[in-house]
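I have placed the structure first, in the form of structure tokens, so that the comments after it can refer back to it.
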Protein chains: 2
Amino acid sequence: MGITRFIDNGGQTPDLDALVDPAPMEALKLINLRKSTHVLLIYGDMVASYEGRAKSQLEDLMPRLVISKPDGTFMVHESNKEKPRLWNPPPSTLYVSMNLGILTLRSVRVNPREVVIVDIPVIRFVGAVRLGVTSNYRVFGTEDDLVNAIVNNPSIVEDDLQVIAREYHTIVGDIDILGRDSRGNLVVIECKRNQAGPEAVNQLKRYVEHLSQKEGRSVRGILVAPSISSTAYRYLRQYGLEFRRAQRSNSLGLSPP
Amino acid sequence: MGITRFIDNGGQTPDLDALVDPAPMEALKLINLRKSTHVLLIYGDMVASYEGRAKSQLEDLMPRLVISKPDGTFMVHESNKEKPRLWNPPPSTLYVSMNLGILTLRSVRVNPREVVIVDIPVIRFVGAVRLGVTSNYRVFGTEDDLVNAIVNNPSIVEDDLQVIAREYHTIVGDIDILGRDSRGNLVVIECKRNQAGPEAVNQLKRYVEHLSQKEGRSVRGILVAPSISSTAYRYLRQYGLEFRRAQRSNSLGLSPP
DNA sequence: TACTACATTTCGCCC
DNA sequence: GGGCGAAGTGTAGTA
């Protein structure tokens, strides 16, 4: 039998519990005690199954790691890959039970209905840790930053470009930036934070086609990205669309012409 | 001081190590000892930063969970969400060091160059677990399964439909299924495993346009999916494209007309 | 709730 | 290694 360690915290709920080689009943108790407040780490030999939008099974009994978060996040991790092998995204609900001495975890998601079931005949470790959440989290260098830079200074795309609207809604989707050039032509600007592929060109083409049809006159389309694949570039030129290179940096300036 | 527990395994590398409230040096040793073979779990109060394709920082010191896998996967998890707050995908390399008694983790990815740095002034727990990898993993209900079902029985899309090719390569992308209808018209079939949006319609439109131009005659386009958004449907009809509902199930049959 | 598009997407396949 | 597109995508924003 392993170590059972409920850390004493003066009657308060501890931030950390760690059970090594616990009895299934011990594990079950700790999981139920902490599942709504702590992140649970469960290590052991397990099999698992998933059914919902799709379906899959992990039939081979082998050591895996289950991570459960209080918001309902449920993941079954293996030795490689960033993505869990099986999972349920939040919000989901975790149910724990014991059948014939075997611990079973059931994560249930309601919409869409998805169920992950994990049977753990051998429980090697159960941990419960209290984690924080960063507020006011910010990532720099997103597409949105690029759009902002252009809206604040349209000349980095083209001289005398006027911005008419940002996030311009159309029936075929949202246009990043709608502008007007020095000759009075409408200009659709589609921004990508990394290399543009055929899909990006197609997206721009869709907006331009729609708008030129609706307006009854030709509309320019400019794809702004740090780079573009050769296939995508041919495709773009074929439809008379334009490409403008954007410096790929966190300061998000545009390169000189 | 906490529990230090290197599990004795008769001289062999154990599958599980668990250190509660370890000294930084203890933690460092265990991490270096196991980082290339085990999945590491590191819990404590930490700050972190990321710089690479984008940039962000977790400046507030708070309890978080680091998970490191032997393939280089590196994740900083918080109390909610499925996705880690900060991460490096495999393959990356983990470096551990101590500066002024503070444990520092550095995960470095080479291409593209990305670095995640984690400073852990308070180490509450370090665990090392050996996990498996499922081989021959299979998910049922993918787009590929839907394409297969149609290729095996084209009549579920339309009577007397003949399949000419699957994954038909064109300059503008790969067509899921190319067929010919009872009247001899070419038919482009685009499959989606879940609700189709404007992007899916756009994709089909791109293929149909390309092919009809190349062949010099009209080409039909059919979007096969479990459902379609109302906007996307209007868009689809506007361009004379067709929609065929596919039953959203793991057996992947198509619903009757 | 539905819909849309981004993402440090990740991942797998094919060239 | 680059290009391309799917994914049980997850996630945020908006109507």
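All values derive from a computational prediction rather than experimental measurement. The chains referred to below are lettered A, B, ... by the order of the sequence lines, with proteins before strands, and numbering in each begins at 1.
With P as the reference atom, dT8(C) and dT4(C) are 22 Å apart, rounded to whole Å. Using C1' as the reference atom, dT10(C) and dC6(C) are 14 Å apart when rounded to the nearest Å. Between dC14(C) and dG8(D), the distance separating the two C1' atoms is 24 Å to the nearest Å.
Listed by chain and residue number, R220(B) satisfy the side chain to side chain donor-acceptor pair (under 3.5 Å) test with E242(B) (two or more places apart in sequence, or in another chain). Take E209(B) and apply the salt bridge (charged side-chain N to carboxylate O under 4.0 Å, His left out) test, not counting sequence neighbours, and it matches K205(A), K205(B). Annotation: side chain to side chain donor-acceptor pair (under 3.5 Å) contacts of D45(B) (sequence neighbours excluded): none. Partners of Y137(B) according to the side chain to side chain donor-acceptor pair (under 3.5 Å) rule, which considers only residues two or more places apart in sequence or in another chain, are S56(A).
Within the nucleic acid shown, E199(B) has no heavy atom closer than 4.0 Å to any nucleic acid atom. P89(B) comes within contact range of the sugar-phosphate backbone alone, with a heavy-atom separation under 4.0 Å but no base atom that close. Using a 4.0 Å heavy-atom criterion, one finds that E167(B) contacts no nucleic acid atom at all. Here Y137(B) lies out of heavy-atom contact (under 4.0 Å) with every strand.
Within the structure, a side-chain polar atom (N or O) of R193(A) is placed less than 4.0 Å from OP1 or OP2 of dT9(C). The side chain of N194(A) places no N or O atom within less than 4.0 Å of a non-bridging phosphate oxygen (OP1 or OP2) of dC6(C). Residue R53(B) places at least one side-chain N or O under 4.0 Å from the OP1 or OP2 atom of dT10(C).
Between Y50(B) and W87(B), the angle of the ring planes stays under 30°, which puts this pair in the parallel group of the 30/60° scheme.
Atoms CG (L146(B)) and C1' (dG8(D)) sit 15 Å apart, rounded to a whole Å. Rounded to a whole Å, the CD atom of E143(A) is 6 Å from the C1' atom of dC6(C). Between L58(B) atom CG and dT8(C) atom C1' there is a gap of 13 Å when expressed in whole angstrom units. Put simply, NZ on K69(A) is 14 Å from P on dG10(D), counting in whole angstrom units. Atom C1' of nucleotide dG10(D) and atom CG of D71(A) are separated by 12 Å, given to the nearest angstrom. Computed from coordinates, the N88(B) CG to dT9(C) P distance equals 12 Å when rounded to whole Å. With rounding to whole Å, F140(A) atom CZ is found 15 Å from dA7(C) atom P. Rounded to whole Å, atom P of dA7(D) lies 12 Å from atom CZ of R138(B).
Looking at residues 75-87 of chain A, you'll see L86(A), W87(A) sit with a heavy atom under 4.0 Å from some atom of DNA chain D.
Each of K192(A) and H169(B) was matched to the nucleotide of DNA chain C holding its nearest heavy atom; the match closer to the 5' end belongs to K192(A).
Taking a cutoff of 4.0 Å between a charged side-chain nitrogen and a carboxylate oxygen, R166(A) and D144(A) qualify as a salt bridge. Looking at K69(A) and E78(B), no side-chain N of the basic residue comes within less than 4.0 Å of a carboxylate O on the acidic one, giving no salt bridge.
Residues V187(B) and I222(B) are in side-chain contact: their nearest non-hydrogen atoms beyond the backbone lie under 4.5 Å apart.
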Table of protein N/O atoms under 3.5 Å from nucleotides 1-4 of chain C N/O atoms:
{"from": "dC3(C)", "atom 1": "OP2", "to": "Q195(B)", "atom 2": "NE2", "distance (Å)": "3.0"}
{"from": "dT4(C)", "atom 1": "OP1", "to": "T231(B)", "atom 2": "OG1", "distance (Å)": "2.6"}
{"from": "dT4(C)", "atom 1": "OP2", "to": "S229(B)", "atom 2": "OG", "distance (Å)": "2.8"}

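Rounding to the nearest 0.5 angstrom, the gap separating the CZ atom in R85(A) from the NZ atom in K83(A) is 10.5 Å.
In this structure, the side chain of R64(B) engages the main chain of M46(B) through a donor-acceptor pair within 3.5 Å.
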